[in-house]
**Student:** 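For reference, the structure I am asking about is given below.
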Amino acid sequence: MLKIYNSLSRSVQEFVPIEPGKVRMYVCGMTVYDYCHLGHGRVMVVFDMVTRWLKASGYRVTYVRNITDIDDKIIKRAAENGETVRLLTDRFIAAMHEDAHALGVLRPDHEPRATEFVPQMLDLIGRLERNGYAYQAGNRDVCYAVRKFAGYGRLSGKSLEDLRAGERVDIMEGKHDPLDFVLWKHAKPDEPAEVKWDSAWGVGRPGWHIECSAMSSQLLGDHFDIHGGGQDLQFPHHENEIAQSEGAHGGTFVNYWMHNGFVRVDDEKMSKSLGNFFTIRDILKKYDAEVVRFFILRAHYRSPLNYSDGHLDDARAALTRLYTALKGCAMEGAPAQIDWSEAHAQRFKAAMDEDFATPEAVAVLFDLANELNRSKEARLAAQLKGLGGVLGLLQRDPVEFLQAAPVAGSLDDAAIDAQIAARAAAKKARNFAEADRIRDDLKTQGIVLEDSPQGTSWRRG
RNA sequence: GGCGCGAUCGCAUAGUGGCCGUGCAACGGAUUGCAAAUCCGUCUACCCCAGUUCGAUUCUGGGUCGCGCCUCCA
């Protein structure tokens, strides 16, 4: 029985899907004007893990992760670059897909682009206006009247009074209430034609929040199971989505809200605005993508995740242990079939069912590795690989992982094999001094040799 | 200022009212020509102060420190 921490109730709840056997999930994805940083990577990996677990649990999942391809920063960046918005966003969408793929993230079922759903957004704004939630301000922007929506603040645990007290926003003239947010922005004269759409309220473009309400209802319906995203979206973005969707459609919008914790650098949130971010592609120049995925999954999705080279090194050592256990185990090619009645699998399942407790699930993997190292039983190897696969890990050939070059330009395989052969000859001649010299020499180049009765193998360490 | 989250062995990350956590590092042993890998063992942690309890790291209250949201942000 799966349980999920629901941000809405601030508690762990039993998961009951709207439609038996099916799950509809929407996750807020990227605004595409730059490369993904590790924080974006975490969202993608976390909800990929969630999707995989839901599927492993027998649910048919429809997973939507949107792409925001129209917004102030995109327009600004495109203008700076002297390129069109379309060119810029296409480029970074492609880059995002590369990063996601590297991290073992499966493609969502739908990746709607905001610009392709403007009619649906306008329809939604029309409904809101008819229902008395939307009004056109003096500057022609269409705004949402937050005070009209009774449940406003429920998700973020804020009252309008609290928000008012901490008011830090410049009050836009014409808003009925400073907290009202924009549904439709009127076009500015200097903006390019590609960011302008006709509407009943004049030429303009959508506000940020409306796209998620429009696209989710279009692709998943007015009421669906899970809505996810980074913690920073809880307010105001998700709060506003609720106000829009429920204001327009009447019923409940989403049953379970999931928010993943931040990636931090030196105990500070990694973010664009702080400028302390590391892009996924930069990290991948130094670390194997699977190590990065493992690093993310080793922490609970709601906990903060501190990023540093040291922690990645640690994750790499840990993952190496898992792959080392798998090394030399006959897997018979075919994808491992998990025996869910086996003790480790049961523990794994119990952990994952408890709000996706991947740290505990990973601990089970290590226990499995320990037993596998002792017994060398093929069925344990199959369990390890199978359960790892549920997390999107351990699917590579162990030797390939252990020998994967983290950086281009390091010693090539042929050179290593030659050295090993030379060392074998020295050993045969009982010239251990020479054998040790070769081994030490390789060690300084990051190559670790391991002797066994079957001969010498190597890995990068 | 308002609201919320967190403080666990050297580091990291889970978890629990009484006994098991996991990885890395360290130490001892086995193994090895010596190593590495592996196995066995050791190192017995829970911010501070009260309270509840037979018993609290785990529950309650207070404090200290850190972080997040309240503005774009995953």
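The chains referred to below are lettered A, B, ... by the order of the sequence lines, with proteins before strands, and numbering in each begins at 1. Note that the structure is predicted; figures quoted are calculated from it, not measured. As a basis for the values below, the full set of heavy atoms in this structure was taken, side chains included, without hydrogen atoms, waters or symmetry mates.
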**Student:** Quick one: is A/K269 getting a side-chain N or O under 4.0 Å of the B/C69 phosphate, OP1 or OP2?
**Tutor:**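 Result: yes.
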**Student:** Between B/U8 and B/U57, how far apart are the two P atoms, rounded to whole Å?
**Tutor:**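 Approximately 15 Å lies between the P atom of B/U8 and that of B/U57.
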**Student:** For atom P, what is the distance between B/C47 and B/A12, given to the nearest Å?
**Tutor:**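 That atom pair is separated by 14 Å.
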**Student:** Rounded to whole angstrom units, what separation is found between the CD atom of A/E239 and the P atom of B/G68?
**Tutor:**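 Checked: the CD to P distance equals 21 Å.
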**Student:** From CZ of A/F366 over to P of B/A12, roughly how many Å is that when rounded to an integer?
**Tutor:**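 Going from A/F366 (CZ) to B/A12 (P), I get 17 Å.
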**Student:** Spell out, as yes or no, whether a donor-acceptor pair under 3.5 Å connects the side chain of A/H40 to the backbone of A/H37.
**Tutor:**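 Between the backbone of A/H37 and the side chain of A/H40 there is a qualifying donor-acceptor contact (under 3.5 Å).
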**Student:** Just verifying a value: how many Å separate A/F92 CZ and A/E98 CD, rounded to the nearest 0.5 Å?
**Tutor:**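 The CD atom of A/E98 is 11.5 Å from CZ of A/F92, to the nearest 0.5 Å.
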**Student:** What does A/D72 touch in the nucleic acid at a heavy-atom separation under 4.0 angstrom: a base, only the sugar-phosphate, or nothing?
**Tutor:**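 Nothing: the residue A/D72, judged by heavy atoms under 4.0 Å, touches no strand.
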**Student:** Measuring from atom OH of A/Y33 to atom NZ of A/K76, what distance do you get when rounded to the nearest 0.5 angstrom?
**Tutor:**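 Atom-to-atom, A/Y33:OH and A/K76:NZ are 9.0 Å apart.
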**Student:** Quick check on the 6.0 Å ring-centre criterion: do A/Y256 and A/Y5 meet it?
**Tutor:**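 They do not qualify: ring centres at least 6.0 Å apart.
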**Student:** In terms of side-chain heavy atoms of A/A299, which of B/C40, B/A74, B/A14 is nearest?
**Tutor:**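 The answer is B/A14, which lies nearest to the side chain.
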**Student:** Please measure how far the P atom in B/A25 lies from the corresponding atom in B/C19, and state the result in whole Å.
**Tutor:**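 B/A25 and B/C19 have their P atoms separated by 29 Å.
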**Student:** Starting from the 5' end of RNA chain B, give me the residue, A/R10 or A/R264, whose nearest nucleotide shows up first.
**Tutor:**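 The 5'-side residue here is A/R10.
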**Student:** Looking at B/C39, I'd like to know if its phosphate oxygens (OP1 or OP2) sit under 4.0 Å from a side-chain N or O belonging to A/N370.
**Tutor:**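 It does, given that an N or O in the side chain of A/N370 lies less than 4.0 Å from OP1 or OP2 of B/C39.
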**Student:** If you only use heavy atoms from C-beta on, which nucleotide in B/C24, B/G2, B/U22 is closest to the side chain of A/A363?
**Tutor:**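 Nearest nucleotide to the side chain: B/U22.
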**Student:** Taking OP1 and OP2 of B/G23, is either one under 4.0 Å from a side-chain nitrogen or oxygen of A/R316?
**Tutor:**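 No, outside the criterion.
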**Student:** Between A/D288 and A/R316, does any NZ, NE, NH1 or NH2 come within less than 4.0 Å of an OD or OE carboxylate oxygen?
**Tutor:**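 No salt bridge links A/R316 with A/D288.
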**Student:** Just to be sure I understand the rule, does A/G39 reach a base, reach only the sugar-phosphate, or reach nothing, if contact means heavy atoms closer than 4.0 Å?
**Tutor:**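 The residue A/G39 makes base contact.
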**Student:** How is A/S303 classified with respect to the nucleic acid when contacts are heavy atoms under 4.0 Å: base, sugar-phosphate, or nothing?
**Tutor:**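 Result for A/S303 = sugar-phosphate.
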**Student:** Could you work out which one of B/U13, B/C3, B/A74 sits closest to the side chain of A/P359?
**Tutor:**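 Shortest atom-to-atom distance from the side chain points to B/U13.
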**Student:** A/D314 side chain: which of B/U13, B/A74, B/C24 is closest?
**Tutor:**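 When the side chain of A/D314 is considered, B/C24 is the closest of B/U13, B/A74, B/C24.
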**Student:** Got a donor-acceptor contact below 3.5 angstrom from the A/D141 side chain to the A/H186 backbone?
**Tutor:**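 Judged by distance alone, yes, a pair lies under 3.5 Å.
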**Student:** Identify the stems formed by RNA chain B, where each pair is Watson-Crick or G-U wobble with both distances under 3.5 angstrom and a stem is at least 3 consecutive pairs.
**Tutor:**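 Looking at RNA chain B, the stems formed by three or more consecutive pairs are B:1-7 with B:64-70, B:10-13 with B:21-24, B:26-30 with B:38-42, B:47-51 with B:59-63.
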**Student:** Atom CD1 of A/I416 to atom P of B/A36: distance rounded to whole Å?
**Tutor:**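 Taking atom P of B/A36 as the reference, CD1 of A/I416 is at 19 Å.
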**Student:** On RNA chain B, compare the nucleotides closest to A/G157 and A/E360; which residue's is nearer the 5' end?
**Tutor:**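 First, find each residue's nearest nucleotide; the 5'-ward one identifies A/G157.
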**Student:** Which part of the nucleic acid, if any, lies within contact of A/T324, taking any heavy atom under 4.0 Å across all strands shown: a base, the sugar-phosphate backbone alone, or nothing?
**Tutor:**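 Sugar-phosphate, backbone atoms only, no base.
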**Student:** Using a cut-off of 4.0 Å on non-hydrogen atoms, how would the nucleic acid contact of A/V263 be classed: base, sugar-phosphate, or nothing?
**Tutor:**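 Base contact.
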**Student:** Assign A/G461 to base, sugar-phosphate, or nothing according to its heavy-atom contacts below 4.0 angstrom with the strands shown.
**Tutor:**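 Here A/G461 touches no strand at all.
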**Student:** Rounded to the Å, how far apart are A/E268 CD and B/C69 P?
**Tutor:**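 About 10 Å, once rounded to whole Å.
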**Student:** Looking at A/D225 and A/R24, would you say the former's side chain and the latter's main chain have a donor-acceptor pair under 3.5 Å?
**Tutor:**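 It does hold such a pair.
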**Student:** On a whole-Å scale, what distance lies between the C1' atoms belonging to B/C27 and B/G62?
**Tutor:**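 Rounded to whole Å, the distance is 42 Å.
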**Student:** Does any N or O in the side chain of A/D180 come within less than 3.5 Å of the main-chain N or O of A/V146, such that one atom is a donor and the other an acceptor?
**Tutor:**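 Yes, the answer is positive, given that a donor and an acceptor are paired below the 3.5 Å cut-off.
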**Student:** Given the P atoms of B/A35 and B/U42, what is the spacing between them in whole Å?
**Tutor:**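 One P to the other, the span is 23 Å.
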**Student:** Quickly work out the A/H300 NE2 to B/A7 P distance and round it to whole Å.
**Tutor:**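 Checked: the NE2 to P distance equals 13 Å.
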**Student:** To the nearest angstrom, how far is A/M270 atom CE from B/G68 atom P?
**Tutor:**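 Those two atoms, CE and P, are 13 Å apart.
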**Student:** If you check every side-chain atom of A/R321, which of B/C67, B/A74, B/U38 has the closest atom?
**Tutor:**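 Within the option list, the nearest is B/U38.
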**Student:** Considering only side-chain heavy atoms of A/D267, which listed nucleotide, B/C67, B/A36, B/U71, is closest?
**Tutor:**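 Closest of the options to the side chain of A/D267: B/C67.
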**Student:** Report the distance from atom CZ of A/F235 to atom P of B/G4, rounded to the nearest whole Å.
**Tutor:**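 These atoms are roughly 15 Å apart.
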**Student:** So what does A/H259 touch, heavy atoms closer than 4.0 Å: a base, only the sugar-phosphate, or nothing?
**Tutor:**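 A/H259: no heavy atom of the nucleic acid under 4.0 Å.
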**Student:** Considering only nitrogen or oxygen atoms on both sides, find all protein atoms under 3.5 Å from nucleotides 33-35 of chain B and state each distance.
**Tutor:**
{"residue": "B/G33", "atom": "O6", "partner": "A/R423", "partner atom": "NH2", "Å": "3.4"}
{"residue": "B/G33", "atom": "N1", "partner": "A/D436", "partner atom": "OD1", "Å": "2.9"}
{"residue": "B/G33", "atom": "N2", "partner": "A/D436", "partner atom": "OD1", "Å": "3.3"}
{"residue": "B/G33", "atom": "N2", "partner": "A/D436", "partner atom": "OD2", "Å": "2.6"}
{"residue": "B/C34", "atom": "O2", "partner": "A/R439", "partner atom": "NH2", "Å": "2.3"}
{"residue": "B/C34", "atom": "N3", "partner": "A/R439", "partner atom": "NH1", "Å": "2.8"}
{"residue": "B/C34", "atom": "N3", "partner": "A/R439", "partner atom": "NH2", "Å": "3.3"}
{"residue": "B/C34", "atom": "N4", "partner": "A/D451", "partner atom": "OD2", "Å": "3.3"}
{"residue": "B/A35", "atom": "N6", "partner": "A/D451", "partner atom": "O", "Å": "3.3"}
{"residue": "B/A35", "atom": "N1", "partner": "A/D451", "partner atom": "N", "Å": "2.9"}
{"residue": "B/A35", "atom": "N3", "partner": "A/R439", "partner atom": "NH1", "Å": "3.0"}

**Student:** Determine the Euclidean distance between corresponding P atoms of B/A50 and B/U58; express it in Å to zero decimal places.
**Tutor:**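 So the two P atoms sit 13 Å from each other.
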**Student:** Return the nearest nucleotide to the side chain of A/H40; candidates are B/C40, B/A74, B/A37.
**Tutor:**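 It is B/A74.
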**Student:** Give a yes or no on whether the backbone of A/D309 and the side-chain of A/Y287 come within a donor-acceptor separation of less than 3.5 Å.
**Tutor:**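 Pair found, side chain donor or acceptor close to backbone of A/D309.
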**Student:** Quick check for you: among B/C70, B/A74, B/C40, whose closest atom lies nearest to any side-chain atom of A/R374?
**Tutor:**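 In terms of side-chain proximity for A/R374, the closest of B/C70, B/A74, B/C40 is B/C40.
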**Student:** State, without any angle test, whether A/D413 and A/Q403 hold a side-chain donor-acceptor pair at a distance under 3.5 Å.
**Tutor:**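 Side chains of A/D413 and A/Q403: no pair found under 3.5 Å.
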**Student:** If we take the C1' atom in both B/G61 and B/U52, what is their distance in whole Å?
**Tutor:**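 Roughly 11 Å separates the two C1' atoms.
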**Student:** Check this for me, if you would: do A/E290 and A/R293 make a salt bridge, where the nitrogen-to-carboxylate-oxygen distance has to be below 4.0 angstrom?
**Tutor:**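 So A/E290 does not pair with A/R293 through a salt bridge.
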**Student:** When you check the phosphate oxygens OP1 and OP2 of B/C39, does a side-chain N or O of A/N373 lie under 4.0 Å from one of them?
**Tutor:**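 Indeed, a polar side-chain atom of A/N373 lies that close.
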**Student:** What integer number of Å spans the C1' atoms of B/C65 and B/A56?
**Tutor:**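 Those two atoms are separated by 22 Å.
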**Student:** Taking A/S156 as the fixed residue, which of A/H238, A/H237, A/E239 is the one that meets the side-chain hydrogen bond (donor to acceptor under 3.5 Å, both in side chains) rule?
**Tutor:**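 Among A/H238, A/H237, A/E239, the one that satisfies the side-chain hydrogen bond (donor to acceptor under 3.5 Å, both in side chains) with A/S156 is A/E239.
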**Student:** Please give, in whole Å, the distance from B/C69 P to A/N240 CG?
**Tutor:**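 Distance, rounded to whole Å: 16 Å.
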**Student:** Tell me whether the side-chain N/O atoms of A/R459 come closer than 4.0 Å to OP1 or OP2 in B/A37.
**Tutor:**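 True: A/R459 side-chain N/O within range (under 4.0 Å) of B/A37 OP1/OP2.
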**Student:** With a cut-off of less than 4.0 Å, is there a side-chain N or O of A/N306 near OP1 or OP2 of B/C67?
**Tutor:**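 It does not, given that no N or O in the side chain of A/N306 lies less than 4.0 Å from OP1 or OP2 of B/C67.
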**Student:** Among the nucleotides B/A74, B/G23, B/C70, which one has an atom lying closest to any side-chain atom of A/A318?
**Tutor:**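 Looking only at side-chain atoms, A/A318 lies closest to B/G23.
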**Student:** Check this for me: does any side-chain nitrogen of one of A/D267 and A/R264 sit under 4.0 Å from a carboxylate oxygen of the other?
**Tutor:**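 Salt bridge between A/D267 and A/R264, a charged N being under 4.0 Å from a carboxylate O: yes.
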